[in-house]
Undergrad: 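Below is a structure I'd like to ask you about.
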Amino acid sequence: MWYLCVFYHRLLDYRRPEVQSLAELFGGPGAGDAVEWRMPENHHEDSPFHLVRLPGDERLAAQIANRSLLVKGIFELWGQGATYDELEKAIRQYPDERKLPYLTPESSFKIVVDSFGKVISFEEQNEIIKGFAYIPFEGRVNLKKPEHKFFVLETDDYGSQNGLPPVVQKTVFFGREVGAADRHLLPTYQLKSRKYIGPTAMDCEMAFLMANQGLARPGKLVYDPFVGTGSILVAAAHFGAMTMGADIDIRVVRDGRGPDCNIWSNFEQYKLPEPLCVLRADNNLPPWRPGLKEIFDAIICDPPYGVRAGGRKSGGRKLLKGIIPPYTVPDEKRENHIPSTAPYSLAECVHDLLHLAARMLVVGGRLVFFYPMLREDDAAGVAKFPEHPCFKLVSSCEQILSLRYSRVLLTMVKVGPYTEEVERMGEERHQEFRENHQKWMEEGNLHTAVFSPAEHDKKPESDRGSKPKYRGKYV
């Protein structure tokens with residue numbers, strides 16, 4: 001069955017991939033690839049109204065809607081039209097065997113009028129609801145807890161000020177609600193009320209989206225190698241997953257801001273299971289014993305890419321250049337010792353992350369991480385994302401951060417085992433990074449690329465702040 005999927009009008013790139021990931025989560029392997037999409041007539045792809053066909057029954061649609069952050073609701077579409085007369089004609093033509101089970105005398109119902117791009121007054125809503133008298137409702141009206149909810153969804157022929165290309169023609173949809181989003185998560189987990197946060201703490205909405213992309217659920221083990229204050233693990237733990245984290249800064253994972261303000265207090269605040277452990281570990285020198293592999297179901301993280309916080313790795317400049325030999329920390333100083341670190345380029349960081357995931361993820365496990373991009377480079381239409389022989393790219397979702405750069409949430413699935421050849425390739429690449437440390441530091445310095453003067457910055461002041469009303473693609 002084709003359902004009407006109504007999205008919240010935000011994070012447009014993330015909407016379809018989230019639905020497909022949740023279809024995979026609840027429908028089983030391959031269900032995400034079986035999801036089909038098409039647009040209603042006269043609607044742009046950035047419109048909140050999409051038609052979707054799911055590889056399961058109505059229960060799958062309800063599970064997806066209830067878990068999703070960006071789906072407002074999924075509806076069994078009874079009809080649509082450019083006018084209410086066309087809508088009535090479409091509803092009358094909809095098969096009675098699909099309508100009558102929800103119109104019985106024993107049932108209760110409610111009709112909700114909603115809109116996009118316009119405001120409908122309370123009086124107008126009442127008149128619209130009275131216009132559906134031709135539908136043979138025999139049940140009783142229950143406005144608080146109805147057994148069945150029916151929605152009238154109207155979009156007007158709004159202009160370009162709405163953030164989308166103008167719709168050619170007004171459209172009215174009528175359908176039965178199959179599932180609706182539970183948005184209480186966002187006020188509950190908002191960062192401003194969290195005990196322990198840092199300057200790069202992940203926004204709660206984005207953290208939950210990342211957890212959905214990673215298919216977090218009970219019985220799964222999720223790992224974050226750049227755990228920071230634990231925002232991503234909090235989202236994964238909410239969905240029932242077991243969690244582990246690591247960070248190179250011992251002060252973050254061990255001390256926080258005191259005994260009552262640290263990573264552990266965040267989980268205690270929301271009454272969530274604590275992480276199995278939080279390690280002081282370096283992504284460049286992972287602590288796992290030789291031969292250990294395929295233990296995590298998902299690795300979900302936000303690597304440091306040098307705009308707000310630079311990446312660090314163990315060693316120090318003199319050690320990396322070979323001026324001094326590796327040192328051993330005496331036992332009496334281990335408790336309070338803070339190891340020296342050196343800059344960690346983006347290129348090396350992402351390479352190490354892919355290699356870690358290739359080794360430690362189970363086959364079919366997911367790697368979800370942010371990757372920064374200069375928007376000027378993307379203008380040519382060639383997106384350069386990292387690749388690895390063990391992984392297949394499932395989705396890439398762009399989030400525009402400024403006129404100069406954006407970040408892309410990459411979701412990869414492990415499709416091949418970690419073989420001796422892959423391990424050998426990783427060792428060779430590590431050696432290449434050691435030998436060309438300065439080169440990679442210069443090429444991986446996103447901060448310089450973002451904040452250095454650009455050609456378009458030399459335009460007159462009147463032109464610099466001007467930008468189109470809509471920054472998407474017209475079709």
Undergrad: Nearest 0.5 Å please: distance from the CG atom of Asp46 over to the NE2 atom of His50.
TA: 7.0 Å

Undergrad: Would you check if the side chain of Gln190 reaches a backbone N or O of Pro187 as a donor-acceptor pair within less than 3.5 Å?
TA: yes

Undergrad: Who passes side-chain contact (heavy atoms from CB on, under 4.5 Å) against Glu177, sequence neighbours left out?
TA: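 Glu177 satisfies side-chain contact (heavy atoms from CB on, under 4.5 Å) with Phe75, Lys149, Phe151, Ala180 once adjacent residues are dropped.
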
Undergrad: Under the side-chain contact (heavy atoms from CB on, under 4.5 Å) rule, collect the residues that match up with Leu186, sequence neighbours excluded.
TA: Leu69, Arg183, Cys204, Glu205

Undergrad: Check whether any side-chain N or O of Glu124 sits under 3.5 Å from a backbone N or O of Ile120 as a donor-acceptor pair, and report yes or no.
TA: no

Undergrad: Students often mix this up, so state it plainly: with edges at 30° and 60°, are the rings of Trp288 and Phe296 parallel, tilted or perpendicular?
TA: perpendicular

Undergrad: Step by step, work out the side-chain hydrogen bond (donor to acceptor under 3.5 Å, both in side chains) result for Ser395 and Gln213.
TA: CA-CA 9 Å; Ser395 67; Gln213 289 294 98; 3.1 Å; yes

Undergrad: Between Leu51 and Trp37, is there a side-chain heavy-atom distance shorter than 4.5 Å?
TA: no

Undergrad: For atom CZ of Arg251, decide whether the heavy atoms of other residues, nucleotides or ligands shown that lie under 6.0 angstrom number more than 12.
TA: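 Incorrect, the count does not exceed 12.
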
Undergrad: Return the set of residues passing salt bridge (Lys or Arg N to Asp or Glu O under 4.0 Å) with Arg280 (not counting sequence neighbours), or none when no residue passes.
TA: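 Salt bridge (Lys or Arg N to Asp or Glu O under 4.0 Å) check on Arg280 returns nothing, list empty.
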
Undergrad: Tell me every residue that passes side-chain contact (heavy atoms from CB on, under 4.5 Å) with Pro273, counting only those two or more places apart in sequence or in another chain.
TA: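 Counting only residues at least two positions away or on another chain, Pro273 forms no side-chain contact (heavy atoms from CB on, under 4.5 Å).
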
Undergrad: Could you check Val408, Asp13, Leu409 and say which one makes a side-chain contact (heavy atoms from CB on, under 4.5 Å) with Ser396?
TA: Val408

Undergrad: Rounded to the nearest 0.5 Å, how far apart are NE2 of His351 and CG of Asn283?
TA: 10.0 Å

Undergrad: Please confirm whether the backbone N or O of Leu25 pairs with a side-chain atom of Arg217, one donor and one acceptor, at under 3.5 Å?
TA: yes

Undergrad: Please determine whether a side-chain nitrogen of the Lys or Arg among Arg176 and Glu58 lies less than 4.0 Å from a carboxylate oxygen of the Asp or Glu.
TA: yes

Undergrad: Measuring from Leu367:CG to Leu353:CG, what's the distance to the nearest 0.5 Å?
TA: 5.0 Å

Undergrad: Just wondering, do Ile232 and Val368 contact through their side chains at under 4.5 Å, heavy atoms?
TA: no

Undergrad: Give the table of side-chain donor-acceptor pairs shorter than 3.5 Å for residues 134-147, with sequence neighbours excluded, one pair per line with atom names and distance.
TA:
unit_1	atom_1	unit_2	atom_2	d
Asn142	OD1	Lys144	N	3.1
Asn142	OD1	Lys145	N	3.0
Asn142	ND2	Lys145	O	3.4

Undergrad: Hey, mind stepping through Asn66 and Asp182 against side chain to side chain contact (heavy atoms under 4.5 Å, CB included) and telling me if it holds?
TA: CA-CA 6 Å; Asn66 294 341; Asp182 182 6; 5.7 Å; no

Undergrad: Using modelled atom types only, decide if a donor and an acceptor are shared between the side chain of Gln63 and the backbone of Gly27 within a distance under 3.5 Å.
TA: no

Undergrad: Okay, side chain of Glu398, backbone of Ser406: is any donor-acceptor separation there less than 3.5 Å?
TA: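 Not at all, since once roles are kept as given, no pair shorter than 3.5 Å links the two residues.
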
Undergrad: Where do Phe132 and Tyr84 land on the side chain to side chain contact (heavy atoms under 4.5 Å, CB included) test, with the steps shown first?
TA: CA-CA 9 Å; Phe132 289 96; Tyr84 279 94; 4.3 Å; yes

Undergrad: Taking side-chain hydrogen bond (donor to acceptor under 3.5 Å, both in side chains) as the test, write out the residues that go with Asp260, two or more places apart.
TA: none

Undergrad: State the CG-CZ distance between Leu279 and Arg254, to the nearest 0.5 angstrom.
TA: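 Going from CG on Leu279 over to CZ on Arg254, the span is 14.0 Å.
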
Undergrad: So His148 and Ser108, do their side chains get closer than 4.5 Å, heavy atoms only?
TA: no

Undergrad: Does any N or O in the side chain of Glu86 come within less than 3.5 Å of the main-chain N or O of Gly81, such that one atom is a donor and the other an acceptor?
TA: no

Undergrad: Kindly give the heavy-atom pair with the smallest separation between Leu22 and Arg67, and that separation in Å.
TA: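 In this case the closest contact between Leu22 and Arg67 is CD2-CG, 3.5 Å.
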
Undergrad: What closest approach, in Å, do Thr188 and Tyr270 show between heavy atoms, and which atom pair accounts for it?
TA: O-CE2, 3.3 Å

Undergrad: Please tell me whether Tyr418 and His355 form a close aromatic pair, meaning their ring centres lie under 6.0 Å apart.
TA: yes

Undergrad: So which heavy atom on Ala298 is nearest to which on Gly214, and how close?
TA: CB-O, 3.6 Å

Undergrad: Determine the sole option in Phe116, Trp78, Phe49 for which the ring-ring contact (aromatic ring centres under 6.0 Å, His included) test with Phe173 is passed.
TA: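 That would be Phe49.
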
Undergrad: Go through the steps to decide whether Glu24 and Val394 satisfy the test side chain to side chain contact (heavy atoms under 4.5 Å, CB included), and finish with yes or no.
TA: CA-CA 12 Å; Glu24 189 87 7; Val394 174; over 6 Å; no

Undergrad: For atom CZ of Arg59, is the number of surrounding heavy atoms from other residues, nucleotides or ligands below 6.0 Å larger than 12?
TA: no

Undergrad: List the residues meeting salt bridge (Lys or Arg N to Asp or Glu O under 4.0 Å) with Lys392, not counting sequence neighbours, and say none if there are none.
TA: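 With neighbours one apart ignored, the set is empty.
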
Undergrad: Does the ring centre of Phe369 sit less than 6.0 Å away from the ring centre of Phe226?
TA: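 For Phe226 and Phe369, the ring centres are not under 6.0 Å apart.
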
Undergrad: Can you name the residues that form a side-chain hydrogen bond (donor to acceptor under 3.5 Å, both in side chains) with Glu294, not counting sequence neighbours?
TA: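 Residues passing side-chain hydrogen bond (donor to acceptor under 3.5 Å, both in side chains) with Glu294: none at all.
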
Undergrad: Between Tyr14 and Cys397, is there a donor-acceptor pair closer than 3.5 Å when you use the side chain of the first and the backbone of the second?
TA: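 Side chain of Tyr14 to backbone of Cys397, a donor-acceptor pair under 3.5 Å: yes, one is there.
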
Undergrad: Does a sphere of radius 6.0 Å around CD in Glu97 hold more than 12 heavy atoms from other residues, nucleotides or ligands, not counting ones at 6.0 Å or beyond?
TA: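 More than 12 heavy atoms, drawn from other residues, nucleotides or ligands, come within 6.0 Å of this atom.
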
Undergrad: Quick one: does Asn266's side chain have a donor or acceptor within less than 3.5 Å of a partner on Tyr196's backbone?
TA: yes

Undergrad: Please give me the minimum heavy-atom distance between Pro48 and Arg15, naming the atom from each residue.
TA: CA-NH1, 3.8 Å

Undergrad: Restricting to side-chain hydrogen bond (donor to acceptor under 3.5 Å, both in side chains), what partner residues turn up for Tyr8, sequence neighbours left out?
TA: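 Expected list: none.
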
Undergrad: Does Ser68 reach the main-chain N or O of Ala65 with its side chain, forming a donor-acceptor pair under 3.5 Å?
TA: no

Undergrad: Please list all pairs passing the side-chain hydrogen bond (donor to acceptor under 3.5 Å, both in side chains) test where one or both residues lie in residues 234-248, with sequence neighbours left out.
TA: Tyr189-His238

Undergrad: Examine distances only and state if a side-chain atom of Arg366 and a backbone atom of Leu361 form a donor-acceptor pair shorter than 3.5 Å.
TA: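 Looks like no, no N/O pair under 3.5 Å.
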
Undergrad: Please, which pairs that meet side-chain hydrogen bond (donor to acceptor under 3.5 Å, both in side chains) have at least one residue in residues 220-236, sequence neighbours excluded?
TA: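 Non-adjacent pairs meeting side-chain hydrogen bond (donor to acceptor under 3.5 Å, both in side chains): Arg194-Ser231.
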
Undergrad: Which atom pair, heavy atoms only, marks the closest approach of Val35 to Ala23?
TA: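 Heavy-atom minimum between the residues: CG2-CB, 3.7 Å.
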
Undergrad: Kindly compute the distance separating CD1 (Ile128) from OG (Ser121), expressed to the nearest 0.5 Å.
TA: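 So the gap between those two atoms works out to 8.5 Å.
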
Undergrad: Calculate, to the nearest 0.5 Å, the distance between atoms CE and CE belonging to Met202 and Met210 respectively.
TA: 4.5 Å

Undergrad: Which heavy atom in Cys390 sits nearest to a heavy atom in Pro417, and how many Å separate them?
TA: SG-O, 3.5 Å

Undergrad: Within the supplied structure, the quantity of interest is the number of heavy atoms (other residues, nucleotides, ligands) at a distance under 6.0 Å from Glu41 CD; does it exceed 12?
TA: no

Undergrad: What residues, two or more places apart in sequence or in another chain, satisfy side-chain hydrogen bond (donor to acceptor under 3.5 Å, both in side chains) together with Gln125?
TA: none

